[in-house]
Structures are given as structure tokens and as C-alpha cells.
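A short worksheet on the structure shown next.
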Amino acid sequence: MSVATSTEHGAEAPESMAEQAYRLLRDRLTVLEIRPGAMIQDAHLATEMGIGRTPLREALKRLETDHLVVSYPRRGTFATQVDITALSDVSELRRNLEPLAARKAALAASPHARQQMQDLARALGDLGGGAPTNQDFMRSDLRVHRLIYRATGNAHLEETLVRLDNLATRIWCLVLDRVPTVGGHVHEHVDLLEAIAAGRAEEAAELALAHVSSFERTMRGIL
């Protein structure tokens with residue numbers, strides 16, 4: 001089984017079973033739908049996703065590299081605990097790399113990617129009208145960041161920032177019930193997406209830095 005995924009230019013590319021499993025599990029681990037410390041039940045997940053054990057194991061190996069799962073001999077594979085102490089290190093990197101990604105995306109994004117950003121900005125503007133949950137907001141947050149990273153055209157930068165953003169999001173989700181302004185934080189992305197779509201590189205970089213800095217201040221105020 002494989003599904004089609006959109007490329008930057010709008011074409012459809014086949015997605016392997018291992019890639020599909022990786023993306024699905026990555027997102028569930030990132031937003032803590034699979035709780036930290038929970039055992040990964042290979043057989044159950046393979047049945048749930050309708051895939052074989054081999055592609056699932058391939059996905060889990062990648063997730064271990066991402067520090068989202070950890071395997072122990074004769075014990076099994078588990079979702080990693082959320083490392084709150086990593087906030088400073090993760091934030092330090094994001095303060096430097098997020099503005100770089102926003103600037104590069106504003107300069108290099110394809111017409112298709114710019115249209116996607118405009119569409120997503122409108123969707124975020126409308127998100128508050130349907131009584132969204134915090135999980136809805138967090139998945140939208142992930143979608144924004146990944147769209148920007150992909151639009152840079154730099155696969156190494158994209159991979160690095162996806163991993164950092166996943167770790168930051170797990171910290172966020174751990175204290176989500178104590179964050180009063182989740183929607184406001186996500187809505188900050190509207191101006192950012194519009195700046196990138198319009199090619200306003202320096203404005204986009206400044207907005208990205210402000211967004212990351214706001215996240216760090218919020219987390220420090222709670223933790």
C-alpha cells in the first residue's frame with residue numbers, strides 16, 4: 001500500500017509504506033497522542049495502519065534517530081520521555097535557524113508553495129470559528145513550520161528544523177493545559193506566512209525570530 005504526497009511543485013509522488021508509517025507515528029509521538037514512556041506495540045500498530053511489520057520497523061528506526069522512540073534489548077520500543085531540560089539547547093538552535101528558513105523560503109519558494117502558504121494563512125484565520133481543540137492548533141502549528149521548511153529548498157535545513165520543532169512541540173504539548181494562549185501563538189503564523197508568500201524576506205525572518213522567542217518565554221514562564 002502506498003499513498004500519494006504533494007511535492008513542492010504540486011506533483012504527486014508515491015509514498016512508501018515505511019514512509020507513511022514514519023510520518024503517522026512521528027506526528028502522534030510529537031503531539032503526545034502516544035504518551036511519553038508508552039510501549040510501542042508493533043503488532044497492534046501494524047494492524048491499525050494496515051501495513052507489514054517490516055516497514056513499521058523501518059519507521060521505528062528512523063524515529064529512534066529523531067529521539068522520539070528508544071529501543072531496549074529484550075524489552076521493546078518505547079516513546080521517549082519529554083526532555084524539558086533540552087528547551088535551552090533547542091531554543092538556541094531555533095533562534096538562529098528559524099529566521100534563516102523564513103528568509104530562504106521567502107526568496108526561494110515556488111509559486112505552488114506560496115499559494116499553499118496563502119491558503120494556510122486564510123485557514124488559520126478561520127480556525128477560531130469552529131471551536132478548535134488545542135490538538136487542532138498544535139497540528140496546524142506543525143503544518144505551518146513544515147511547509148516553511150520545505151519551501152527553503154534546502155533538505156538539510158528542513159530535516160534539522162523538523163527534528164527541532166518536533167522536540168519543541170512535545171514540550172509544548174506536555175504543558176498544554178497550562179498555556180492560556182495557544183490559539184494566539186498559532187495565529188502569529190498568519191503574518192509570517194503572508195510575508196513569506198509575498199517574498200518579504202527580512203520581515204519574514206524578524207517574524208520567525210519573534211515567534212520562537214515568544215514560545216521560549218511562554219515555556220519558561222510555565223516551567
Side-chain angles (χ1 to χ4, degrees), residues 5-6 22-36 38 63 66-68 79-84 86-87 90-91 93-95 97-99 101-102 105 113-152 158 161-197 203-223:
T5 56
S6 295
Y22 168 75
R23 290 179 181 275
L24 288 171
L25 288 175
R26 180 190 64 185
D27 289 355
R28 290 179 65 183
L29 288 159
T30 297
V31 299
L32 306 189
E33 287 182 4
I34 299 177
R35 300 300 299 175
L63 291 166
D66 292 343
H67 305 291
L68 293 175
T80 55
Q81 297 293 339
V82 177
D83 185 5
I84 296 175
L87 176 62
V90 170
S91 296
L93 291 169
R94 293 184 74 216
R95 282 195 302 271
L97 295 181
E98 291 279 359
R114 294 182 195 276
Q115 185 61 57
Q116 285 183 304
M117 290 179 193
Q118 291 170 346
D119 293 344
L120 184 51
R122 284 193 293 270
L124 287 174
D126 296 338
L127 190 58
T133 65
N134 282 345
Q135 289 288 332
D136 292 330
F137 278 123
M138 296 316 301
R139 286 190 175 276
S140 294
D141 186 88
L142 288 174
R143 185 180 173 197
V144 168
H145 283 282
R146 290 171 186 172
L147 178 57
I148 293 171
Y149 304 155
R150 188 168 64 249
T152 66
E158 177 184 1
L161 276 170
V162 166
R163 288 184 181 180
L164 291 172
D165 187 52
N166 288 345
L167 296 175
T169 300
R170 295 189 88 217
I171 296 174
W172 183 285
C173 289
L174 189 68
V175 297
L176 203 54
D177 58 341
R178 294 154 59 190
V179 180
T181 58
V182 177
H185 179 80
V186 175
H187 281 298
E188 291 174 9
H189 286 313
V190 173
D191 290 341
L192 175 58
L193 288 167
E194 290 177 344
I196 294 174
E203 179 186 347
E206 291 173 4
L207 289 169
L209 177 59
H211 181 71
V212 173
S213 299
S214 173
F215 165 79
E216 185 178 11
R217 285 194 303 272
T218 301
M219 290 301 98
R220 292 193 181 282
I222 294 172
L223 300 171

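Just so you know, residue 1 is the first one in the sequence shown, and it goes up from there.
A search for salt bridge (charged side-chain N to carboxylate O under 4.0 Å, His left out) contacts involving R35 returns nothing, not counting sequence neighbours. Listed by chain and number, the residues in a side-chain hydrogen bond (donor to acceptor under 3.5 Å, both in side chains) with D83 are T85 (sequence neighbours excluded). Among residues two or more places apart in sequence or in another chain, the side-chain contact (heavy atoms from CB on, under 4.5 Å) test is passed with V90 by A86, R94, L164, L167, A168. Residues satisfying the side-chain hydrogen bond (donor to acceptor under 3.5 Å, both in side chains) criterion with T80, sequence neighbours excluded, are R170. With sequence neighbours excluded, the residues forming a salt bridge (charged side-chain N to carboxylate O under 4.0 Å, His left out) with E203 are R200, listed by chain and number. By the side-chain contact (heavy atoms from CB on, under 4.5 Å) test, D66 pairs with Y22, L63, L68, R163, sequence neighbours left out. The side-chain hydrogen bond (donor to acceptor under 3.5 Å, both in side chains) check on Q118 picks up nothing, with sequence neighbours excluded. For the side-chain contact (heavy atoms from CB on, under 4.5 Å) test, residues two or more places apart in sequence or in another chain that qualify with L147 are Q116, M117, L120, R150. Partners of E206 by side-chain contact (heavy atoms from CB on, under 4.5 Å), not counting sequence neighbours: none found. Partners of R217 by salt bridge (charged side-chain N to carboxylate O under 4.0 Å, His left out), not counting sequence neighbours: none found. R143 is linked by a salt bridge (charged side-chain N to carboxylate O under 4.0 Å, His left out) to nothing, counting only residues two or more places apart in sequence or in another chain.
Nearest heavy atoms, A101 versus T152: O-CG2, 3.3 Å. The two atoms that bring A113 and A151 nearest to each other are CB-CB, 4.3 Å, heavy atoms only. Listed here is the closest heavy atom pair of S140 and L124: CB-CD2, 3.7 Å. Annotation for V31 and C173: closest pair CA-SG, 3.7 Å, computed over non-hydrogen atoms. Taking both residues in full, the closest heavy atoms of A204 and L192 are given as O-CD1, 3.4 Å, listed atom of the first, atom of the second, then distance. Nearest heavy-atom pair across A195 and L207 is CB-CD1, 4.1 Å.
The aromatic rings of W172 and F215 lie parallel to each other, their planes meeting at an angle below 30°, with 60° marking the opposite boundary.
With rounding to the nearest 0.5 Å, the separation of CD in E33 from CG in L25 is 11.0 Å. Between the CD1 atom of I196 and the CD1 atom of I148 there is a distance of 4.0 Å, given to the nearest 0.5 Å. Note that the CG atom of L193 and the CZ atom of R122 stand 11.0 Å from one another [nearest 0.5 Å]. To the nearest 0.5 Å, the span separating CD1 on I84 from CE on M219 amounts to 10.0 Å.
Residue R146 is tested with N166, D141, D165 for a side-chain hydrogen bond (donor to acceptor under 3.5 Å, both in side chains); the sole match is N166.
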Could you check E98 against L209 for side-chain contact (heavy atoms from CB on, under 4.5 Å), going step by step and ending with a plain yes or no?
CA-CA 7 Å; E98 291 279 359; L209 177 59; over 6 Å; no

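A 4.5 Å side-chain heavy-atom check between M138 and T169 finds at least one atom pair inside the cut-off.
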